[in-house]
A.B. asks: 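So that we are looking at the same thing, I have put the structure below in structure tokens.
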Amino acid sequence: PKSLTKVLSRLSKRGDPGAAMRVFEWAERGGEELNVYHYSCVIINLGRHARAEEARTVFTRMLARGVHPNLVVYNALMSAFARDGQWARAVEAFSDMQREGLAPDRISYNTLVSALGRGGETQRAAAACAEMRTAGLTPDHVTFSALVSACEESGDWEGASALYREMGECQVVADAVTFNALISVCAKARRWEEAWEMYTEMEQLGVKPTIVTFNALLNACAQSNEWQRASDVFAMIERASLQPNTLTYNSLISCYAKGGKWDLAMDVFWEMRDADVIMDVVTFSALIKACARGKQWEQAILVFGEMRAMGVAPNARTFTSLISACERGGQGQQALEVFEEMRRMGV
RNA sequence: UAACUAAUUGCCUAA
């Protein structure tokens with residue numbers, strides 16, 4: 001039974017929801033004694049992929065089999081709803097859990113706060129945090145990070161920095177994820193100065209930045225049109241002994257796309273190729289956008305061709321940028337052809 | 001910067 005759990009959890013960590021599911025169903029059919037650990041693995045796995053309905057189905061099947069759900073199962077179910085954007089159903093699961101006589105723990109509250117935050121319900125998220133205190137649990141760095149992230153959608157950087165101050169008052173120590181979230185809020189609010197301030201604060205406190213930190217800073221450059229600073233931020237990555245990833249390069253390309261620097265964006269593309277970093281649909285869409293803004297429709301078409309050659313499937317956003325590139329270049333006929341190709345591809 | 005622990009919570013990109 002323990003080894004079956006290990007297999008299930010390993011399969012889900014490798015990001016293969018189908019495989020874990022098949023193993024689970026095979027074990028179920030084989031008359032294997034399935035316990036709460038097995039069910040939780042599957043629910044967690046489905047939840048990670050925002051497949052809330054299936055998670056819910058497994059949950060009911062578990063009840064039908066007479067296996068009693070514990071806190072972990074309820075927390076996982078809430079998380080599944082949260083990822084699927086169904087905060088109301090996460091709240092419902094939270095009440096169900098209480099009705100079953102289970103006392104929500106810190107993770108339950110954190111999951112609830114996160115579910116509400118993702119749903120843009122910042123007021124309710126704050127209320128959940130207050131309720132957590134009433135229940136005798138103290139919010140931790142995870143709670144605060146979730147609350148900070150809840151400020152991102154609205155770009156409420158002032159609310160986020162108020163939370164940061166509150167953390168200090170509560171003696172909760174901010175970690176890298178907290179700072180990354182803070183930087184992201186500033187990025188969203190197009191506040192480069194504040195984003196940079198958060199980074200320096202982080203450095204002063206001796207909190208080690210991660211690649212996400214630099215990705216968020218690069219995004220802050222892009223949003224605030226500070227493309228001149230992008231190469232400096234990028235250079236900091238190597239000094240921190242970190243590896244740039246696809247998101248890093250994509251954000252860097254976005255900096256140059258916003259600034260209309262299509263040639264610099266293309267340089268990033270070559271660098272990405274040399275570094276053997278995987279290029280995805282975002283990479284190419286951002287490049288095409290850079291070409292569009294730089295009035296380089298022919299280059300945009302070339303990039304699109306490269307994308308197809310590499311087997312990366314374009315989506316609606318890719319085509320939007322490509323069509324815009326053609327239109328800006330006064331290539332109405334070309335734009336129409338691109339449009340028709342999009343239709344043919346069923347996008 | 002050790003290792004160990006059957007499962008659950010917070011961070012980044014192209015409109």
Side-chain angles (χ1 to χ4, degrees), chain A residues 1-10 12-13 35-45 47-48 55 69-80 82-83 90 104-115 117-118 125 132 139-150 152 160 174-185 187-188 195 198 208-223 241 245-255 257-258 265 280-290 292-293 314-321 324:
Chain A
K2 279 200 186 187
S3 49
L4 178 59
T5 314
K6 277 200 171 160
V7 169
L8 288 171
S9 82
R10 280 205 66 105
S12 29
K13 285 208 171 116
N35 62 30
V36 70
Y37 286 94
H38 304 132
Y39 282 101
S40 60
C41 279
V42 175
I43 292 170
I44 289 156
N45 184 14
R48 287 207 177 118
N70 59 14
L71 266 187
V72 173
V73 171
Y74 275 108
N75 293 347
L77 189 62
M78 287 169 61
S79 171
R83 287 212 168 84
D105 64 359
R106 183 181 268 142
I107 294 183
S108 313
Y109 278 103
N110 288 347
T111 310
L112 184 65
V113 168
S114 157
R118 280 167 194 257
M132 178 177 186
D140 63 1
H141 60 291
V142 175
T143 323
F144 278 103
S145 304
L147 287 169
V148 167
S149 293
E152 197 177 326
D175 67 359
V177 174
T178 317
F179 281 109
N180 295 346
L182 285 162
I183 293 169
S184 297
V185 175
K188 181 65 189 273
M198 280 301 169
K208 251 196 184 339
T210 66
I211 189 62
V212 176
T213 312
F214 294 107
N215 293 350
L217 276 175
L218 284 171
N219 184 31
C221 292
Q223 299 301 330
S241 311
N245 59 25
T246 301
L247 262 64
T248 316
Y249 286 104
N250 290 352
S251 302
L252 191 54
I253 291 170
S254 288
C255 290
K258 276 248 166 68
D280 63 8
V281 60
V282 177
T283 313
F284 289 102
S285 303
L287 276 170
I288 291 170
K289 192 191 166 180
R293 295 190 71 122
N315 62 21
R317 292 193 196 189
T318 319
F319 281 110
T320 304
S321 296
S324 127

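What you see is a predicted model, and the numbers here were worked out from it, not measured in a lab. In the text below, chain A, chain B and the rest are named by the order of the sequence lines, each starting its count at 1.
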A.B. asks: Taking only side-chain nitrogens and oxygens of Arg118(A), does any of them come within less than 4.0 Å of OP1 or OP2 of U9(B)?
C.D. replies: no
A.B. asks: Does a side-chain heavy-atom distance below 4.5 Å link Gln223(A) with Lys188(A)?
C.D. replies: no
A.B. asks: Within this structure, what is the NZ-to-C1' distance between Lys188(A) and A14(B), rounded to whole angstrom?
C.D. replies: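 One finds 14 Å between C1' of A14(B) and NZ of Lys188(A), rounded.
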A.B. asks: Please list, pair by pair, any protein nitrogen or oxygen found under 3.5 Å from a nitrogen or oxygen in nucleotides 5-8 of chain B.
C.D. replies:
from, atom 1, to, atom 2, distance (Å)
A6(B), N3, Thr5(A), OG1, 2.8
A7(B), N1, Asn70(A), ND2, 3.1
A7(B), N3, Ser40(A), OG, 3.2
U8(B), OP1, Arg48(A), NH2, 3.1
U8(B), O2, Asn75(A), ND2, 2.6

A.B. asks: Using atom CD of Glu152(A) as one end and atom P of C12(B) as the other, report the distance to the nearest whole Å.
C.D. replies: 5 Å
A.B. asks: Between the base of G10(B) and the side chain of Asn180(A), is one N or O donor paired with an acceptor at under 3.5 angstrom?
C.D. replies: no
A.B. asks: Quick one: does Val282(A)'s side chain get under 4.5 Å of Ile253(A)'s, heavy atoms only?
C.D. replies: no
A.B. asks: Contact class for Arg293(A) (heavy atom, under 4.0 Å): base, sugar-phosphate, or nothing?
C.D. replies: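 Touches nothing.
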A.B. asks: Select base, sugar-phosphate, or nothing to describe what Thr210(A) touches, counting heavy atoms under 4.0 Å on all strands.
C.D. replies: nothing
A.B. asks: Answer with base, sugar-phosphate or nothing: what part of the nucleic acid does Asn315(A) contact at a heavy-atom distance below 4.0 Å?
C.D. replies: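 Base, at least one base atom sits under 4.0 Å.
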A.B. asks: Does Ser184(A) have any side-chain hydrogen bond (donor to acceptor under 3.5 Å, both in side chains) partners at least two apart in sequence or in another chain, and if so, which?
C.D. replies: none
A.B. asks: Is any side-chain heavy atom of Asp105(A) closer than 4.5 Å to a side-chain heavy atom of Asn75(A)?
C.D. replies: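 Sidechains of Asn75(A) and Asp105(A): in contact.
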A.B. asks: State, with a plain yes or no, whether a side-chain heavy atom of Pro314(A) is found less than 4.5 Å away from one of Phe319(A).
C.D. replies: yes
A.B. asks: Are OP1 or OP2 of A14(B) and a side-chain N or O of Gln223(A) less than 4.0 angstrom apart?
C.D. replies: yes
A.B. asks: Separation of Ile183(A) atom CD1 from C12(B) atom C1', in whole Å?
C.D. replies: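 After rounding, the gap between these two atoms is 10 Å.
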A.B. asks: Are the side chains of Ile107(A) and Leu71(A) in contact, using a 4.5 Å heavy-atom criterion?
C.D. replies: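 The answer is no; the side chains never approach within 4.5 Å.
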A.B. asks: What's the CG-P distance between Asp280(A) and U13(B), to the nearest Å?
C.D. replies: 13 Å
A.B. asks: Do Lys289(A) and Thr320(A) make a side-chain contact, defined as non-hydrogen atoms from C-beta onward lying under 4.5 Å apart?
C.D. replies: no
A.B. asks: At under 4.0 Å between heavy atoms, what does Asp140(A) touch on the DNA or RNA strands: base, sugar-phosphate, or nothing?
C.D. replies: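 It contacts nothing in the nucleic acid.
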A.B. asks: Kindly point out which of G10(B), C12(B), A14(B) is positioned nearest to the side chain of Ser145(A)?
C.D. replies: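 Shortest atom-to-atom distance from the side chain points to G10(B).
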A.B. asks: From OH of Tyr109(A) over to P of G10(B), roughly how many Å is that when rounded to an integer?
C.D. replies: 18 Å
A.B. asks: Could you tell me whether the side chain of Thr143(A) has a donor or acceptor atom within less than 3.5 Å of a complementary atom in the base of G10(B)?
C.D. replies: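 Side chain to base: no pair below 3.5 Å.
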A.B. asks: In whole Å, what is the span from the CG atom of Leu217(A) to the P atom of U13(B)?
C.D. replies: 12 Å
A.B. asks: How long is the line joining CG of Leu287(A) and P of U13(B), in whole Å?
C.D. replies: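 After rounding, the gap between these two atoms is 17 Å.
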A.B. asks: Ignoring backbone atoms, test whether Asn219(A) places a side-chain nitrogen or oxygen under 4.0 Å from the OP1 or OP2 oxygen of C12(B).
C.D. replies: no
A.B. asks: Taking atom C1' of C11(B) as reference, at what distance in whole Å does atom CG of Leu147(A) sit?
C.D. replies: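 Nearest whole value for this atom pair: 14 Å.
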A.B. asks: Donor-acceptor pair, Ser149(A) side chain versus Ser145(A) backbone, under 3.5 Å?
C.D. replies: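 Flag set: sc Ser149(A) to bb Ser145(A) pair under 3.5 Å.
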A.B. asks: What nucleic acid atoms does Thr320(A) come within less than 4.0 Å of, heavy atoms only: base, sugar-phosphate, or nothing?
C.D. replies: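 Since no nucleic acid heavy atom lies under 4.0 Å of Thr320(A), the category is nothing.
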